[in-house]
Amino acid sequence: MTIDEQLDFLRKGTVEIIRAEDLRVKLERSARTGKPLRVKLGTDPTAPDIHLGHTVVLRKLRAFQELGHTVIFLIGDFTGLIGDPSGKSSTRPQLTRAEIDANAETYKQQIYKVLDPAKTELRFNSEWMDKLGAEGFIRLAAHVTVKQILERDDFEQRLAENRPLALHEVLYPLVMAYDSVALAADVELGGTDQKFNLLMGRNLQREYGQEPQAVVIMPLLEGTDGVQKMSKSLGNYIGINEPPNEIFGKVMSISDELMWRYYELSTDLTSAEIAALRASAESGARNPRDIKVELAKRIVADFHTATDADAAEEEFNRIFKRKEAPDEVEERTIAASAYKLPRLLVDVNLAPSMAEARRLIEQGGVRVDGERRTRVDDEVALQKDQTMLVQVGKRRFLRVRGV
RNA sequence: GCAGGGGUGGUCGAGUGGUUAAUGGCACCGGGCUGUAAACCCGGCGGGUUCACACCCUACGUAGGUUCGAAUCCUACCCCCUGCACCA
């Protein structure tokens with residue numbers, strides 16, 4: 001690829017590249033010298049369960065790897081050990097060394113579903129931060145003015161609105177920026193929420209006499225609700241370690257509008273290919289549902305296999321198109337006896353409380369052996385070794401066996 | 001330390017002595033329509049007993065108190081926020 005082609009390739013899906021010209025210079029130099037670029041991604045060791053949102057940036061990193069560059073996957077263990085000492089942010093707990101190590105392991109297992117391990121360096125920022133010490137850190141802080149720090153939007157806002165802003169919060173961007181210096185990063189990737197921190201890296205590198213890193217900013221992928229960014233705590237995520245059927249189902253539940261976002265940010269299709277799909281949906285030539293099936297299969301195949309994707313589709317059709325029971329249903333045993341229906345649901349964990357069970361029944365959400373049961377006082381007799389299929393809602397099935 | 005404001009169900013946010021398990025929005029759950037899309041419609045949304053009418057328990061930061069009766073009043077305590085003061 002020519003440098004221009006490379007730039008175009010890297011640009012797909014990005015929000016912004018700062019500055020594109022800097023990136024070009026770096027790409028050119030790398031091509032000339034044969035020395036790969038060092039492409040950094042900083043991450044928090046808190047939530048090691050990677051979801052589709054994280055993969056947006058990971059995919060971009062892989063794009064760099066495909067061009068021969070080196071990815072530095074940086075785990076911010078130093079900041080993780082400190083967390084948010086004020087304890088206000090539950091998303092930033094203080095972690096122990098052991099927890100961080102365990103999380104790092106989990107990261108490793110997951111990121112290589114996207115990244116090429118041969119071109120990935122895994123680093124920890126405690127490597128240099130531990131050595132820095134209080135003195136070093138204050139020296140570091142001397143390179144940045146308060147005004148510069150306060151340029152960050154949310155800091156400025158919170159100040160303006162008289163909301164609290166703790167000192168450690170303004171210090172963290174410094175740590176992240178210093179990571180870029182320590183690593184002599186050529187490029188750093190991040191989501192739009194990281195823009196300030198990424199730019200801080202540029203500034204600090206300049207202060208330390210390094211050539212500023214190019215910054216590649218990726219959009220934040222919306223979660224399955226289509227509104228808020230995907231995150232575990234909001235429960236709107238698609239985890240890459242989830243079983244194929246789950247991933248498939250979750251993708252199928254996203255809105256049509258959101259589907260195009262996912263196509264753009266979570267598949268390798270080119271912008272032109274996506275535009276063509278979109279046109280076929282809008283003209284009515286194709287049912288959007290089928291295009292979504294295709295998306296779901298692609299995403300499943302990315303984290304599992306193409307065979308898994310086919311199986312997931314088949315299972316999905318079985319349950320939702322043909323309204324049959326799934327291929328494999330979890331089985332639970334329970335003492336053979338006669339049960340009041342709500343009691344049964346609670347005993348096998350299909351409902352959290354009797355009140356909830358009753359509601360489900362009254363509202364027509366419960367089927368036993370395929371038959372809808374709406375009477376709360378019904379009794380179900382379960383003989384020894386007899387099984388029955390209990391369904392709650394559209395997708396929760398359980399085979400209950402008497403013992 | 002001083003002053004002011006505030007702590008209500010998953011969340012936001014009403015409620016300032018009594019039909020208040022607590023208005024409303026969001027989220028969530030079940031049903032309907034569909035393509036498990038969106039939009040929309042219906043129902044639900046602390047727990048327990050009951051076929052059911054109904055009854056009981058728990059809940060408005062914590063602990064006491066006043067009252068026939070408190071989320072609402074009083075006292076103490078805890079926590080949060082803002083400002084002031086301090087900044088050698």
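Numbers restart at 1 for each chain; the letters A, B, ... are given by sequence-line order, proteins then strands.
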Asks: Give the nucleotide from the list C51(B), U49(B), A37(B) with an atom nearest to the side chain of Ser255(A).
Replies: A37(B)
Asks: Can you measure from CZ (Arg332(A)) to CG (Asp347(A)) and round to the nearest 0.5 angstrom?
Replies: 9.0 Å
Asks: Taking only the C1' atom of each, what is the distance from C73(B) to C68(B) in whole angstrom?
Replies: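 Looking at atom C1' only, C73(B) and C68(B) are 16 Å apart.
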Asks: List, with names and distances, any nitrogen or oxygen atoms from the protein found under 3.5 Å away from nitrogen or oxygen atoms belonging to nucleotides 30-33 of chain B.
Replies:
residue : atom : partner   : partner atom : Å
G30(B)  : O2'  : Gln363(A) : O            : 3.0
G30(B)  : O2'  : Gly365(A) : N            : 3.4
G31(B)  : O4'  : Gln363(A) : O            : 3.4

Asks: For the side chain of Lys292(A), starting at C-beta, report the closest nucleotide among C51(B), U49(B), A37(B).
Replies: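 Looking only at heavy atoms from C-beta outward on Lys292(A), the closest nucleotide is A37(B).
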Asks: Would you mind pulling out the nucleotide paired to G69(B), Watson-Crick or G-U wobble, both distances under 3.5 Å?
Replies: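 In the structure as shown, G69(B) has no Watson-Crick or wobble partner.
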Asks: If I take atom CZ in residue Arg261(A) and atom P in nucleotide A38(B), what distance separates them, rounded to the nearest angstrom?
Replies: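 After rounding, the gap between these two atoms is 18 Å.
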Asks: How many Å lie between CD on Glu356(A) and P on G46(B), as a whole number?
Replies: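 Taking CD of Glu356(A) and P of G46(B), I get 9 Å after rounding.
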Asks: In whole Å, what is the span from the CG atom of Asp377(A) to the P atom of A52(B)?
Replies: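 Whole-Å distance recorded here is 6 Å.
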Asks: Are Asp256(A) and Lys292(A) ion-paired here, with the side-chain N under 4.0 Å from a carboxylate O?
Replies: yes
Asks: So which nucleotide from U36(B), G47(B), A38(B) ends up closest to the side chain of Ser353(A)?
Replies: G47(B)
Asks: Tell whether Asp256(A) reaches the base of G35(B) with its side chain through a donor-acceptor pair below 3.5 angstrom.
Replies: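 Result: at least one qualifying N/O pair found.
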Asks: Select one nucleotide: of G35(B), U49(B), U36(B), the one nearest the side-chain heavy atoms of Met252(A).
Replies: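 Shortest atom-to-atom distance from the side chain points to U36(B).
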Asks: Looking only at side-chain atoms of Arg289(A), point me to the closest of U36(B), U49(B), A37(B).
Replies: U36(B)
Asks: Ignoring hydrogens and geometry, is there a side-chain-to-backbone donor-acceptor pair from Asp22(A) to Ala214(A) under 3.5 Å?
Replies: no
Asks: Counting only side-chain heavy atoms from C-beta out, which of G48(B), A37(B), U49(B) sits nearest to Arg343(A)?
Replies: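 It is U49(B).
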Asks: From CD of Glu362(A) over to C1' of G44(B), roughly how many Å is that when rounded to an integer?
Replies: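 Rounding to the nearest Å, CD of Glu362(A) and C1' of G44(B) are 10 Å apart.
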Asks: Answer yes or no: is there a donor N or O on one side and an acceptor on the other, between the side chain of Thr55(A) and the main chain of Leu52(A), under 3.5 Å?
Replies: yes
Asks: Using Watson-Crick or G-U wobble geometry with both distances under 3.5 Å, which nucleotide pairs with C84(B)?
Replies: G1(B)
Asks: Rounded off to whole Å, could you give me the CD-to-P distance for the Glu222(A) and A38(B) pair?
Replies: 15 Å
Asks: Which one, G48(B), U36(B), G35(B), comes nearest to the side chain of Pro288(A)?
Replies: G35(B)
Asks: Which of these passes side-chain hydrogen bond (donor to acceptor under 3.5 Å, both in side chains) with Ser180(A): Arg38(A), Arg202(A), Lys40(A), Gln210(A)?
Replies: Lys40(A)
Asks: Does atom CD (Glu5(A)) have a neighbourhood of more than 12 heavy atoms from anything else shown, all under 6.0 Å?
Replies: yes
Asks: Are Glu294(A) and Lys297(A) ion-paired here, with the side-chain N under 4.0 Å from a carboxylate O?
Replies: no
